[in-house]
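Source: prediction; values computed, not measured.
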Protein chains: 2
Amino acid sequence: MGLSIRQIADLAGVSRGTVDRALNNRPGINPQVKAKILALAAETGFRTNRAGKILGIRKTPLTIGIQMPSIGNEFFREVRCGIDRAAAELADYGLTLSIREMKGFSVGTQITQIRSLLAEGVNGLALAPVDHPDVIALLEDLAAARIPVMTMNTDIAGGPRLGYVGNDYTRSGAIAAGILGLMTDGRPLRTLIVTGSKQVLGHNQRISGFCQAIRQRYPQISILDILENQDDDRRSGQIVREALARWPEIDAIYLTAAGVAGACQACQEFAGGRQIERQVRIVCNDQTPGIMPYLLDGTIAASIGQEPFRQGYEPVRLLFEYLLDGTLPPPLTLTRNEIMIYEHFFKEAL
Amino acid sequence: MGLSIRQIADLAGVSRGTVDRALNNRPGINPQVKAKILALAAETGFRTNRAGKILGIRKTPLTIGIQMPSIGNEFFREVRCGIDRAAAELADYGLTLSIREMKGFSVGTQITQIRSLLAEGVNGLALAPVDHPDVIALLEDLAAARIPVMTMNTDIAGGPRLGYVGNDYTRSGAIAAGILGLMTDGRPLRTLIVTGSKQVLGHNQRISGFCQAIRQRYPQISILDILENQDDDRRSGQIVREALARWPEIDAIYLTAAGVAGACQACQEFAGGRQIERQVRIVCNDQTPGIMPYLLDGTIAASIGQEPFRQGYEPVRLLFEYLLDGTLPPPLTLTRNEIMIYEHFFKEAL
DNA sequence: CTGAAAGCGCTTACAG
DNA sequence: CTGAAAGCGCTTACAG
């Protein structure tokens, strides 16, 4: 076990209070004394003990604010589970959470909710930021005010934040191509890409990764078109129906975002109507309730998950450790791209 | 925040020491008083605060013993990383680890090492048990002595243990079949299964899961033979070479265990010698250094991982929580079957 | 069988 | 600017 603050105090010939002032950058300490204590701490490899610290600060507990577009969003339901788990585990260690949820991505609401968290006096913030100048400006204010921010699920381009926990979207797209590549065995594969929105960075990164992988390794895969469904099932179904009518030779569809069920329905109708054996292969993302039936009935060949639970759990935990003793999180915590197929879920014979 | 032991003491009209005796089943307390305190604790929803407990027991710290066949075993190297991480995180909370490693699965060594850990006075144990009556007998002694045991990576059939953290082998096999199923698109696929040993439960469970999935969903997949390579690369290469000579029509090989590199080499020679375009598809397990080159050069179509890091991390953590305040771990913590393909690792364009 | 005291490692007012 | 004291929630000898 390491040294305690008391031992450092004895070595330095000062009181524990003074060591505390030196170690925690508190005001009211002679710079010389401070330097001496810090040097001593460094050479003895002193690390402040977490259990002691937790108990010591119990009267002024830590609060972390959460802000995210989780209302009516199936994906974020699982992120929320991760957040709740972290909250339960860290409650004993004095952590409190304050959560603000919104429906959809709204710049105004996001800013209002962040401000309301700040008014509550949160010590840190985890959020899924909207990529907008006003939000970035607010994050810059937060950085100036020394309030640490973790981004979750989506990162902010160039904006200041302590760290990001979420998907590696480019690789996710490459993996989608890799799955289709496995299925073609060298034969040509005509693919339709259905994306959420060309305004959303993550969706574009997936497309980019998909195209890079094709270029590098799967010349047999061709892209017929890239269409937007605005993450909407109805629109998604309509787009896919039209595409199938126009290009009945479609072999596969890659969906970068939501609207999966709509696309699946359209494909099922198409297969049913034409009485064809050949099936359109669908690759999509995540494991939301809406896609499960299609994964279980074989309509979806594979879905690529992104550890949503961890996307909630880790930001809270990393923020807590930073607030507790200054432990810096990695700037990027990329969650695993989990390929999920039918056999991950089937129960029958096992 | 919940109540403290002091508040329970005040409510019950006793001292904190007495509350401590009641809550922790310590001797020397009037049964009536104990019952009263326990009732009070239950109705107020009292939970003992971990930070307080950790500091309180600091003079008699917790020690967990680890025993595993990790010497010269690439897979367990990553398990070890998880163990070390847990140790580092929990050191501040007073946890110490004592680790015994052995080369290969030896009943005698395992028992000797476990005994040596017990002689050291460890409070709990995490191990990858050899499935042998002597080991089970020892585990029964441990259970009688109230020493909690977590199994990691392999479970013990029917033996007493607090919980298991590791792969769901049956599902792992089913997923291997699912991957091959994706690649066939309904065309026949003649598969060779290369297993480690027909004496190892996990290997057999993988084969069983593979067969079940085929029966249920992939009638086009046929199994040519099931051969043993004893987890040895040389033997593995030899077996595969002979099999390819005998059945040149082999479409795919499923390896349930180690010896992957040997099999890959044999396939490469075969492809090179015959100048054929059609490639034997290989599906295997884990992400050891030996298989990475073959995953990166396309010889392996997919490898199924099993979160080795977590297999080390979780047992330590769950054991710690159990020892700290009696929190029971889930009996089964099944790690994810992570399908890994080329695109999970390629770096070129990203 | 029970209570009062001291201690784990740290922080927080409060004197000086 | 610095130290001594009290306290966070719990446990551990030690008296009685």
Side-chain angles (χ1 to χ4, degrees), chain A residues 1-38 41 44-62 90-96 123 323-326, chain B residues 1-38 41 44-62 90-96 123 323-326:
Chain A
M1 216 90 312
L3 298 184
S4 73
I5 213 179
R6 158 166 268 148
Q7 303 180 67
I8 299 287
D10 291 349
L11 286 173
V14 298
S15 73
R16 291 184 284 161
T18 300
V19 174
D20 179 65
R21 279 181 270 262
L23 256 23
N24 295 287
N25 285 311
R26 285 188 231 287
I29 179 172
N30 181 325
Q32 311 242 347
V33 176
K34 179 170 178 175
K36 179 182 172 190
I37 294 173
L38 255 25
T44 57
F46 173 81
R47 272 183 22 81
T48 129
N49 178 284
R50 282 188 181 166
K53 177 134 194 174
I54 287 164
L55 226 46
I57 62 173
R58 201 134 204 291
K59 279 166 282 182
T60 54
L62 293 175
L90 299 175
D92 262 18
Y93 300 153
L95 179 68
T96 307
N123 304 285
L323 292 170
L324 194 62
D325 51 27
Chain B
M1 217 91 313
L3 298 184
S4 73
I5 214 178
R6 157 165 268 146
Q7 303 181 65
I8 299 288
D10 291 348
L11 287 173
V14 298
S15 74
R16 290 183 284 161
T18 300
V19 173
D20 179 64
R21 281 182 269 262
L23 257 24
N24 296 287
N25 284 311
R26 285 187 233 287
I29 180 170
N30 182 324
Q32 310 243 346
V33 176
K34 179 169 178 176
K36 181 181 173 190
I37 294 173
L38 255 26
T44 56
F46 174 81
R47 272 182 22 81
T48 127
N49 179 284
R50 282 188 180 165
K53 178 134 195 174
I54 287 164
L55 227 45
I57 62 173
R58 202 135 204 291
K59 279 166 282 180
T60 54
L62 292 176
L90 299 175
D92 263 18
Y93 300 153
L95 179 68
T96 307
N123 304 284
L323 292 170
L324 194 62
D325 51 26

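Shown here for B/I8 and B/A41, the closest heavy-atom pair between the two residues is CD1-CA, 4.3 Å. Between B/N123 and B/L323 the shortest heavy-atom distance is O-CD2, 3.4 Å. Across every non-hydrogen atom of B/G94 and B/P61, the tightest pair is O-CB, 3.5 Å.
The side chain of A/R58 lies closest to D/dG9, out of C/dG3, D/dG3, D/dG9.
Shown here are the salt bridge (Lys or Arg N to Asp or Glu O under 4.0 Å) partners of A/R16, two or more places apart in sequence or in another chain: there are none. For A/S15, the side chain to side chain donor-acceptor pair (under 3.5 Å) partners at least two apart in sequence or on another chain are A/T18. Under the side chain to side chain contact (heavy atoms under 4.5 Å, CB included) criterion, A/A12 pairs with A/V14, A/I37, A/L40, sequence neighbours left out. The ring pair (Phe, Tyr, Trp, His ring centres under 6.0 Å) check on A/F46 picks up nothing, with sequence neighbours excluded. Scored by the salt bridge (Lys or Arg N to Asp or Glu O under 4.0 Å) test, A/D325 finds A/R50 as partners (sequence neighbours excluded). Residues passing the salt bridge (Lys or Arg N to Asp or Glu O under 4.0 Å) test with A/R47, sequence neighbours excluded: B/D92. Residues passing the side chain to side chain contact (heavy atoms under 4.5 Å, CB included) test with B/N30 are B/Q32, B/V33, sequence neighbours excluded.
Near-neighbour residues of DNA chain C inside residues 27-37 of chain A, defined by a heavy atom below 4.0 Å, are absent.
The salt bridge (Lys or Arg N to Asp or Glu O under 4.0 Å) contacts involving residues 25-36 of chain A comprise A/D20-A/R26, where partners must be two or more places apart or lie in separate chains.
Distance A/D325 CG to C/dG9 P: 16 Å, rounded to the nearest Å. Per the geometry, CG belonging to B/L324 stands 14 Å off C1' belonging to C/dC8, to the nearest Å.
Taking the P atom of each, C/dG7 and D/dA4 are spaced 16 Å apart, rounded to whole Å.
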Dot-bracket for DNA chain C, 5' to 3', counting Watson-Crick or G-U wobble pairs under 3.5 Å, with [ ] for crossing pairs and | for inter-strand pairs?
-> |||.||||||||.|||
Protein-to-nucleotide contact annotation, 5' to 3' order, nucleotides 10-16 of chain C [B base; S sugar-phosphate only; - none; under 4.0 Å, heavy atom] = BSB----
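An OP1 or OP2 oxygen of D/dG3 is reached within less than 4.0 angstrom by a side-chain nitrogen or oxygen of A/T18.
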